[in-house]
2 protein chains.
Amino acid sequence: MDQVEIFKALSNKTRLQILNWLKEPAIHFNEQPNADFENIGVCVGQIQNKAGLSQSTISEYLSILQRADLVCATRIGQWTYYKRNQVGIEELAKIFNSEL
Amino acid sequence: MDQVEIFKALSNKTRLQILNWLKEPAIHFNEQPNADFENIGVCVGQIQNKAGLSQSTISEYLSILQRADLVCATRIGQWTYYKRNQVGIEELAKIFNSEL
DNA sequence: AAGGTATATCGGTTTTTCCCGATATGCCAA
DNA sequence: TTGGCATATCGGGAAAAACCGATATACCTT
């Protein structure tokens, strides 16, 4: 993954917020029927509600974050759950500390 | 400085290169008549030559980096010397490690 | 099979970014 | 004070990003 693309993914208020919300799902989201959000993540609909943007926009934003290895997705039934990709984020922190 | 603006400043290949070149000016640039680049920085002209973009573009890029507290500028005579703003960059690394 | 729900993708409009050339400013030297 | 050089700023065209609504896909239920 190109470093520029990672920073582009982070260059948006909503996407930064999503990343932050996903740090503490229990605080920012409601319980979900099928999935424990600490393990599996938060579904797109909840993130969309919270962000207040259209469904298509949020879906796109999540895939931008995913391409940058900042979140990862799990599909269960008709839901897709997103959570932080802690490995990718730590990788980035390393790049940040060493290369920048 | 807004976090989004900092990431935007970093979302460009040339600007990332400039930041990297400025880590080791002696390796990437030529000696300069009036200024020791370890202390004062590298003048715009040298950065422009290295980057291969127009003078106006590089001047703008440098001010974007400056607004994000990633570089700082010193004017001496008709030259402006830019160097890394180590304090700003470390500040950012902290934000990065704690908030992201 | 049919209808409902969640998410992804497509096509488009508006805003922002990337770059440029031209021009302005500021400093220095003759 | 005139001319030259380094940098900054301005105006603009082309490309990319930020959104949106409409539609497609995929799954689940009945």
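- Toward the 5' end of DNA chain C, the nearer of the two residues A/Lys8 and A/Gln78, judged by each one's closest nucleotide, is A/Gln78.
- What separates CD of B/Glu5 from C1' of D/dA17 is a distance of 14 Å, to the nearest Å.
- The distance between atom CG of A/Asp2 and atom P of D/dA16, rounded to the nearest whole Å, is 14 Å.
- D/dA17 atom P lies 11 Å from atom OH of A/Tyr61, rounded to whole Å.
- Distances shorter than 4.0 Å separate some side-chain N or O of A/Thr57 from OP1 or OP2 on D/dC20.
- Taking atom CD1 of B/Ile47 as the reference point, atom P of D/dA6 lies 14 Å away to the nearest angstrom.
- Among the atoms of the strands shown, base atoms are found under 4.0 Å from some heavy atom of A/Ser59.
- A/Glu60 places its CD atom 15 Å from the P atom of D/dA16, with the value rounded to the nearest Å.
- Taking 3.5 Å as the limit, the base of D/dG21 and the side chain of A/Ser54 contain no donor-acceptor pair of atoms between them.
- The separation between A/Gln48 atom CD and D/dC19 atom P is 14 Å, rounded to whole Å.
- Atom pair B/Gln66:CD and D/dT7:C1' shows a separation of 13 Å (rounding to whole Å applied).
- In terms of phosphate contacts, A/Thr14 brings no side-chain nitrogen or oxygen within less than 4.0 Å of OP1 or OP2 of D/dA18.
- One cannot find a donor-acceptor pair under 3.5 Å joining the base of D/dA6 and the side-chain atoms of B/Gln55.
- Counting any heavy atom pair closer than 4.0 Å across all strands shown, B/Ser11 reaches sugar-phosphate atoms only and no base atom.
- Contacts of A/Ile58 with the nucleic acid, taken as non-hydrogen atoms under 4.0 Å apart, are absent.
- As rounded to whole Å, 11 Å separates atom P of D/dA17 from atom CG of B/Asn12.
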